[in-house]
Enquirer: 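This is the structure I have questions about; it appears just below.
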Amino acid sequence: MKGSRLVPNCKRRHLSKLFSLFQSHRTLHTASVTDYLQVTSDDLENERKGIDFNALFKSCTKLQQVKCAHTLVVVSGRFKDNFLSSKIVNLYSQHGDVSLAWWTFHHLPNKDVYTWNSMAFAYVSHGRFREALGCFNQFFSTSGLRPDFYTFPPVVKACGDLLDGKKIHCLVLKLGFEWDVFVAASLVHMYSRFGLVGDARKLFDDMPARDRGSWNAMISGYCQNGNAAEALDIADEMRLEGVKMDAITVASVLPVCAQVGDILSGKLIHLYVIKYGLEFELFVSNALINMYAKFGSLGHAQKVFGQMVVRDIVSWNSIIAAYEQNNNPVSAHLFFHKMQEARVQPDLLTLVSLASIVAQLNDHQNSRSVHGFVMRKGWFMEYIIIGNAVVDMYAKIGNLDSARAVFGGLLIKDVVSWNTMITGYAQNGLASEAIEVYLLMGEHEEIIPNQGTWVSILPAYSHVGALQQGMRIHGQVIKNCLYSDVFVGTCLIDMYGKCGKLDDAISLFYQVPRKNSVPWNAMISCYGVHGDGEKALELFREMRAERVKPDHITFVSLLSACSHSGLVSDAQWCFNMMEEEYGIKPSLKHYGCMVDLFGRAGELEMAFNFIKKMPIQPDASAWGALLNACRIHGNIELGKHASERLFEVDSENVGYYVLLSNIYANVGKWEGVDDVRSLARDRGLRKNPGWSSIILNNKVDVFYTGNQTHPKCEEIYRELRDLTSKIKTIGYVPDFCFVLQDVEEDEKEHILMGHSERLAIAYGIISTFPKTPIRIFKNLRVCGDCHTVTKFLSIITEREIIVRDSSRFHHFKGGTCSCGDYW
DNA sequence: TTAGGGTTAG
């Protein structure tokens, strides 16, 4: 028999490797691999005598040459030796080859406890818990052997649910292993894992002896259940008992410090880490990076990362996520490149971060690369998290078609998938699509809506002014005890505010926690859109008095509120305070608000000078605000200049062409109107049609300007003609400067009557009981003539009419409007 | 010869 046939399952190359090992040990006198493979079994028998088997085996294991070691065992005929085969099982397991471990294990005729333990441990260490439990059950029921101290800890770890855990616990008690520190620690941890921290604590308290591992098990139990205070307390108790924290203690506690925002404890632990040289532990450094990232201390995170000698995938993911989650996608991307240079293969979580980075950079090209990479890896099938991340990525860059396609293709969807899709639509202004997805979600009973669902759907309902539906969500929120959640509360404030229920918004505002700026911003913005700049300022003063730190959004809301109410000097006060007192550098949005403020107040020169003095390149919002001001105040020359600058920075936005053509039309310069129109046409832009909507009996009716297709069209026009003649008797005179076509006066009056807001209001009047308030929503700004008409309508119909347009609210009552005709 | 307790997540 040839030597090679003795080892049927081992490849020749292992033999040759083995042979070189033999050579290096100088214990085998065969000259070459070929010679060795030619030897017969008799020869081998003789050769074997000359081999120092133990030395060779040790050498193979030391060199991590697992296949050589295996070959050696087989070639030397010792494969029935439990000790050696178990060692091989462990070695294969360490090398990540569980199937070869099982193969070795499986062919052992008389397995002992050590062998079974080794196999179960191999499964556990690769996260194959079900197989580990199966292995244990088979061992317990068929081998006739008694488990030992080493058997239980891995098996306890493998328990997938409380029932399994309790069964194993019973067995431990029956066999009397409960006071082994390793077994007890694993039980403590098992109970914590299933949320029974109290039971875990009882076991821990009853332990007659505790080592550091026992303390760690209890601490991590608390940490993983979010019991931060208890975790930190028991860590302190451990210190008082003279047990020092090790890398594992630190790695458990650091995430808790981050979670509860305890920067001081976090830093003290970091000092401890440095003092005891734990910073070279991979887990510790990784946990430190994550903690500093959560505190927003990117400098510290990067310093820890920079000092690491060995980095693993978690280290790279952590530093990438640190920048990604602190809105620094450029640096995050840089670290991703460095990771590739270091030849570390990205994993699932790398891609989750990368998807967010690509979204933040609005990088359409790379969004497809991310999508493709995930597809090639086949991760969509297995992991919901990456599917959701890709949906989110596409939604954030405004590619809703791709987002929906990926969403539709997800084999399993959880509540986050639905929330992501709803948010995606809502944040891209596609409220009805968001609502459609939300309603579709309701058809899947297994999906339970959560906080994220309310936060995603409420803005969609506010956007379309769907008060009834919004209130229904409010009911659900109360049912789910989420009314004190600051984010849900803020969305409700926003919803009530945007649906014209300012009083409800205010009362809700005083019910939610107000420690951070979020609800304040929402309430200030509500006052702003309702044209009450004074109240917005008053609330801002209250916010300062309560020592709540405003952020950049607070100032955008505040400046815009001032702008809509003509509070020029107050706005200037806020603008200066922003940087001087709070160190917030004004962004383009803030500059845009200021230009808008000066412009609306008729201070066109001030607005223009303000733009000229801006320390950053003015964008479309600044020039657009100036152009709008020129329209309101009829300044053609400056309007022309503003539009030229505007088209340099944004030539795609059709709204600006409309604004410019309005300026010409208002003063009857029809050739100017034609020029602008043809310019827009040449650039392939089409006017965004004006429309208004009204919700009656949960049904949304949308009217486009000049709409002739509504089923009640005739009635609506009849009512409008009737109402128009009535309001003419009390002083209404049509203002033709809002007609942007060069036609006869009769025709102009007809055009005005066909404005979408008027159609919606008339439809509301004929469809509701007398004196019922009417709420309508318009996608563009309300027209000046319609504004006048609505004031008169509020007198003769004795109704409140609430019109929400693209920038604010108009609350008409008894012939006046809440905006005081300033908008 | 084998065991427990540890870091990243939409």
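None of these values were measured; they are calculated from a predicted model. The figures here come from the full heavy-atom set of this structure, side chains too, leaving out hydrogens, waters and symmetry mates.
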Enquirer: In residues 219-241 of chain A, what residues come within less than 4.0 Å of DNA chain B, judged by heavy atoms?
Expert: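 Hits under 4.0 Å, by residue number: Ser220(A), Gln224(A).
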
Enquirer: Grab the CZ-P distance between Phe335(A) and dT8(B) for me, whole Å please.
Expert: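 About 19 Å, once rounded to whole Å.
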
Enquirer: Between Asn286(A) (CG) and dG6(B) (P), how many Å, whole number?
Expert: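 Value for this atom pair: 15 Å.
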
Enquirer: Can you check side-chain contact (heavy atoms from CB on, under 4.5 Å) on Ser285(A) and Ser315(A), steps first, answer last?
Expert: CA-CA 8 Å; Ser285(A) 297; Ser315(A) 326; over 6 Å; no

Enquirer: Could you check how far CD1 of Ile319(A) sits from P of dT8(B), rounded to whole Å?
Expert: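 Rounded to the whole Å, the gap is 15 Å.
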
Enquirer: Looking at dT8(B), dG4(B), dT2(B), which one has an atom nearest to any side-chain atom of Ser318(A)?
Expert: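 Closest of the options to the side chain of Ser318(A): dT8(B).
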
Enquirer: Find the distance Met291(A):CE to dT7(B):P and express it as a whole number of Å.
Expert: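 That distance rounds to 15 Å.
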
Enquirer: Please identify each residue that fulfils side-chain contact (heavy atoms from CB on, under 4.5 Å) with Asp401(A), with sequence neighbours left out.
Expert: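 With neighbours one apart ignored, the set is Asn399(A).
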
Enquirer: Which is true for Phe121(A) with a 4.0 Å heavy-atom rule: it touches a base, it touches only sugar-phosphate, or it touches nothing?
Expert: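 Contact class for Phe121(A): sugar-phosphate only.
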
Enquirer: Do the numbers put Lys157(A) on top of the ring of Phe129(A), so that NZ or CZ is under 6.0 Å from the six-membered ring centre and no more than 45° off the axis?
Expert: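 No, Lys157(A) does not lie over the aromatic ring of Phe129(A).
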
Enquirer: If you take the centroid of each ring, where Trp contributes its six-membered ring, are Trp418(A) and Tyr438(A) closer together than 6.0 Å?
Expert: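 Ring-ring flag for Tyr438(A)/Trp418(A): false, centres at least 6.0 Å apart.
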
Enquirer: Which ones in residues 413-421 of chain A lie close to DNA chain B, meaning a heavy atom under 4.0 Å from one of its atoms?
Expert: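 Here the set is Asp414(A), Val416(A).
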
Enquirer: Select base, sugar-phosphate, or nothing to describe what Ser214(A) touches, counting heavy atoms under 4.0 Å on all strands.
Expert: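 Contact class for Ser214(A): base.
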
Enquirer: Determine whether the aromatic ring of Tyr150(A) stacks with the base of dA3(B), defined as ring centroids separated by less than 5.5 Å and ring planes inclined by less than 30°.
Expert: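 Stack criterion not met.
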
Enquirer: Hey, does the Lys NZ or Arg CZ of Lys338(A) hover above the aromatic six-ring of Phe335(A), less than 6.0 Å from the centre and inside 45° of the axis?
Expert: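 Relative to the ring axis of Phe335(A), which defines the angle, Lys338(A) lies inside both limits.
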
Enquirer: With a 4.0 Å cut-off on heavy atoms, is Asp347(A) in touch with a base, just the backbone sugar-phosphate, or nothing at all?
Expert: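 Since no nucleic acid heavy atom lies under 4.0 Å of Asp347(A), the category is nothing.
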
Enquirer: Give the rounded distance in Å between these two atoms: NE2 of His189(A) and C1' of dA3(B).
Expert: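 Value for this atom pair: 15 Å.
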
Enquirer: Which part of the nucleic acid, if any, lies within reach of Leu282(A) when heavy atoms closer than 4.0 Å are counted: base, sugar-phosphate only, or nothing?
Expert: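 Nothing, no nucleic acid heavy atom in range.
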
Enquirer: Does anything in residues 124-133 of chain A pair up under salt bridge (charged side-chain N to carboxylate O under 4.0 Å, His left out), and if so which pairs, sequence neighbours excluded?
Expert: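 The answer is Arg128(A)-Glu131(A).
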
Enquirer: OP1 or OP2 of dA9(B) versus the side-chain N and O atoms of Lys294(A): is any pair under 4.0 Å?
Expert: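 Indeed, a polar side-chain atom of Lys294(A) lies that close.
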
Enquirer: Go through the N and O atoms of the side chain of Asp211(A) and the base of dG4(B), and report whether any donor-acceptor pair is under 3.5 Å.
Expert: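 Indeed there is one.
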
Enquirer: Is the Tyr394(A) to His371(A) ring centre distance short of 6.0 Å?
Expert: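 Close enough - the centres of the two rings lie under 6.0 Å apart.
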
Enquirer: Round to a whole Å and report the spacing from CG of Leu187(A) to C1' of dG4(B).
Expert: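 So the two atoms are 10 Å apart, to the nearest Å.
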
Enquirer: Please report, to 0.1 Å, the donor-acceptor pairs under 3.5 Å made by any side chain of residues 263-271 of chain A, with sequence neighbours excluded.
Expert:
unit_1	atom_1	unit_2	atom_2	d
Ser265(A)	OG	Asp262(A)	OD1	3.2
Ser265(A)	OG	Asp262(A)	OD2	2.6
His270(A)	ND1	Tyr292(A)	OH	2.7

Enquirer: Which of these nucleotides, dG6(B), dG5(B), dT8(B), is closest to any side-chain atom of Asn317(A)?
Expert: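 Among dG6(B), dG5(B), dT8(B), the one nearest the side chain of Asn317(A) is dT8(B).
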
Enquirer: Take atom CG of Asn290(A) and atom C1' of dA9(B), then tell me their distance rounded to the nearest Å.
Expert: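 About 10 Å, once rounded to whole Å.
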
Enquirer: From CG of Asn216(A) over to C1' of dT7(B), roughly how many Å is that when rounded to an integer?
Expert: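 Those two atoms, CG and C1', are 14 Å apart.
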
Enquirer: How is Gln325(A) classified with respect to the nucleic acid when contacts are heavy atoms under 4.0 Å: base, sugar-phosphate, or nothing?
Expert: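 Result for Gln325(A) = sugar-phosphate.
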
Enquirer: Kindly point out which of dG4(B), dG5(B), dT7(B) is positioned nearest to the side chain of Ala217(A)?
Expert: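 From the listed options, dG5(B) comes nearest.
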
Enquirer: Is there any salt bridge (charged side-chain N to carboxylate O under 4.0 Å, His left out) pair reaching into residues 238-261 of chain A, and which pairs are they, with sequence neighbours excluded?
Expert: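 Listed by first then second residue: Arg212(A)-Asp246(A), Asp236(A)-Arg239(A).
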
Enquirer: Can you tell me how the ring of His333(A) sits relative to the ring of His337(A), calling it parallel under 30°, perpendicular over 60° and tilted otherwise?
Expert: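 Because their plane-to-plane angle is over 60°, the rings of His333(A) and His337(A) count as perpendicular.
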
Enquirer: NA contact type, Val181(A), heavy-atom cut-off 4.0 Å: base, sugar-phosphate, or nothing?
Expert: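 Touches a base.
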
